[in-house]
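Structure record follows, encoded as structure tokens.
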Protein chains: 2
Amino acid sequence: MATSLESSALTKRLTDSGLRPTPQREVVFKVILEKRDHPTADEIFARVKSQMPTISLATVYNCLETLVQNGLVRQVNFDRAPTRYCPNLHEHAHFHDETTGEVHDIDVPAELLAKLRGVLPPGYDASAIELSFRGKAAPETN
Amino acid sequence: MATSLESSALTKRLTDSGLRPTPQREVVFKVILEKRDHPTADEIFARVKSQMPTISLATVYNCLETLVQNGLVRQVNFDRAPTRYCPNLHEHAHFHDETTGEVHDIDVPAELLAKLRGVLPPGYDASAIELSFRGKAAPETN
DNA sequence: GAATGGATTTAGAATAATTCTAATTCCTAC
DNA sequence: GTAGGAATTAGAATTATTCTAAATCCATTC
């Protein structure tokens, strides 16, 4: 069944990173993978609690830190709003919808990313590029 | 003399925005214009206090908010670090030097900015674009 | 020139996201 | 089975920022 397959795949991703696949880490990771709406730590905490009511917020923060450090999840920051978490590991940009508060992933062609690096003066070596947009998005066409 | 000229130019920029040129606003604005190293509110507070020891941190925050709202100063955020303030009003990117903690302005050609907007799906309308780099910069060639 | 009232400043309290601390629990390896 | 390190936990602490309510300032009106 799909769920157990997913669960073991998820476990594998943790162990492949050298992480102990604790139930807490698995449920935090699972929640982030399942609903990719860039939740905050609080939102993740709420979702996780419905499956594991005894988990603590500190643990959610610990798991998130571990996942981020191991490159399994990325942090997304905008202004000084609470950090959001994103399981999309491709290099991509973010669009923050002012109207709905939603965050959408935006694909950036590799060619354009290379051009972006090109704006740096000689001697500047960027290990990370962050690109984000703020604005309004047309409602989804259903 | 240069100082009074600067001071009146600064006053003019405030009044042109419809702001009352209070001593507090002027000194906060002056400090930001004088040393363009992207200071935090705390750093601005410290610099301002040396000229106006009675000013309060709340006032510095108030002045900064006013300056930002009127487009005289821009906020620069990186991850969840304290907000920094930048008097460079041209559209530009920021480079955060991991080694020194310094922030440098990076010029972005208008043509490239246009290309960036081009990555948005149809229906997405960006009112602001933020681009920042993190990495190491070669030391200044003196 | 004094009174009025809205804008501004101020000190300190409050807020909120996150991190820290110290104790407990859990596992893994011996 | 036990020892020891890793992980979890509750709650305290931290920190940047915002809020609150009172005081002050200042432009305008009488």
Side-chain angles (χ1 to χ4, degrees), chain A residues 10-11 14-15 17-32 38-49 51-70 72-86 96 101 103, chain B residues 10-11 14-15 17-32 38-49 51-70 72-86 96 101 103:
Chain A
L10 191 148
T11 302
L14 292 173
T15 54
S17 295
L19 298 176
R20 245 165 56 184
T22 68
Q24 289 86 349
R25 284 172 179 169
E26 294 200 334
V27 68
V28 167
F29 196 13
K30 176 158 163 273
V31 149
I32 293 173
H38 303 86
T40 63
D42 266 351
E43 288 166 346
I44 292 166
F45 182 45
R47 293 174 194 179
V48 159
K49 259 201 298 202
Q51 300 179 49
M52 185 184 279
T54 59
I55 198 170
S56 77
L57 179 57
T59 299
V60 170
Y61 272 106
N62 287 343
C63 292
L64 289 172
E65 186 184 23
T66 301
L67 293 172
V68 168
Q69 280 173 350
N70 288 273
L72 297 170
V73 164
R74 288 178 41 186
Q75 291 186 320
V76 178
N77 288 290
F78 203 61
D79 295 345
R80 290 206 20 109
T83 297
R84 296 175 173 277
Y85 295 85
C86 173
H96 297 249
V103 177
Chain B
L10 190 147
T11 303
L14 292 173
T15 53
S17 294
L19 297 175
R20 241 163 60 183
T22 67
Q24 289 87 348
R25 283 173 181 168
E26 294 200 336
V27 68
V28 167
F29 196 13
K30 176 159 163 275
V31 149
I32 294 173
H38 303 86
T40 63
D42 266 351
E43 288 166 346
I44 292 166
F45 181 45
R47 293 174 194 180
V48 159
K49 259 201 300 202
Q51 300 179 50
M52 185 184 279
T54 58
I55 199 171
S56 78
L57 179 58
T59 299
V60 170
Y61 272 107
N62 287 343
C63 292
L64 289 172
E65 186 184 24
T66 302
L67 293 172
V68 168
Q69 280 174 351
N70 288 273
L72 297 171
V73 164
R74 288 176 44 183
Q75 292 185 320
V76 178
N77 288 289
F78 202 61
D79 295 346
R80 289 209 17 112
T83 297
R84 296 173 173 279
Y85 294 87
C86 173
H96 297 249
V103 177

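Chain identifiers are assigned alphabetically (A, B, ...) following the order of the sequence lines, protein sequences preceding nucleic acid strands; residue numbering begins at 1 within each chain.
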Whole-Å gap separating P (C:dT8) and CG (B:Leu64): 15 Å
Donor-acceptor contact below 3.5 Å, side chain B:Thr59 vs main chain B:Ile55: no
Protein-nucleotide distance (A:Glu43, atom CD; C:dA17, atom P), rounded to Å: 10 Å
Interatomic distance where CE belongs to A:Met52 and C1' belongs to D:dA7 [whole Å]: 12 Å
B:Glu43 side chain vs B:Thr40 backbone, donor-acceptor pair below 3.5 Å: yes
Donor-acceptor contact present, side-chain B:Arg80 to main-chain A:Ala81, <3.5 Å: yes
Proximal nucleotide (of D:dA7, C:dA7, D:dT17) relative to the A:Arg80 side chain: D:dT17
Interatomic distance where CG belongs to A:Leu19 and P belongs to D:dA7 [whole Å]: 8 Å
N or O in side chain of A:Arg20 less than 4.0 angstrom from C:dT28 OP1/OP2: no
Distance test, side-chain N/O of B:Thr22 to OP1/OP2 of D:dC25, below 4.0 Å: no
Separation of atom CZ in B:Arg25 from atom P in D:dC25, rounded to whole Å: 16 Å
Atom-pair distance (CG on B:Leu14; P on C:dA7), nearest Å: 17 Å
Residue-phosphate contact under 4.0 Å: A:Gln24 side-chain N/O, D:dT9 OP1/OP2: yes
Touch class at under 4.0 angstrom, heavy-atom based, for A:Thr54 against every strand present: sugar-phosphate
Candidate nucleotides C:dG12, D:dA7, D:dG11, ranked by approach to the side chain of A:Ala58 - the nearest: D:dG11
Interatomic distance where CG belongs to B:Leu57 and C1' belongs to C:dT10 [whole Å]: 11 Å
Phosphate OP1/OP2 of D:dG11 contacted by A:Ser56 side-chain N/O (<4.0 Å): no
Check: B:Arg84 main-chain N/O paired with B:His38 side-chain donor or acceptor under 3.5 Å: no
A:Thr83 side chain near C:dA17 phosphate (N/O to OP1/OP2, under 4.0 Å): no
Flag, side chain of A:Gln69 to backbone of A:Thr66, donor-acceptor distance under 3.5 Å: no
Phosphate OP1/OP2 of D:dT9: any A:Thr59 side-chain N/O under 4.0 Å: yes
N or O in side chain of A:Tyr61 less than 4.0 angstrom from C:dT19 OP1/OP2: no
Whole-Å gap separating P (D:dT15) and CG (B:Asp79): 18 Å
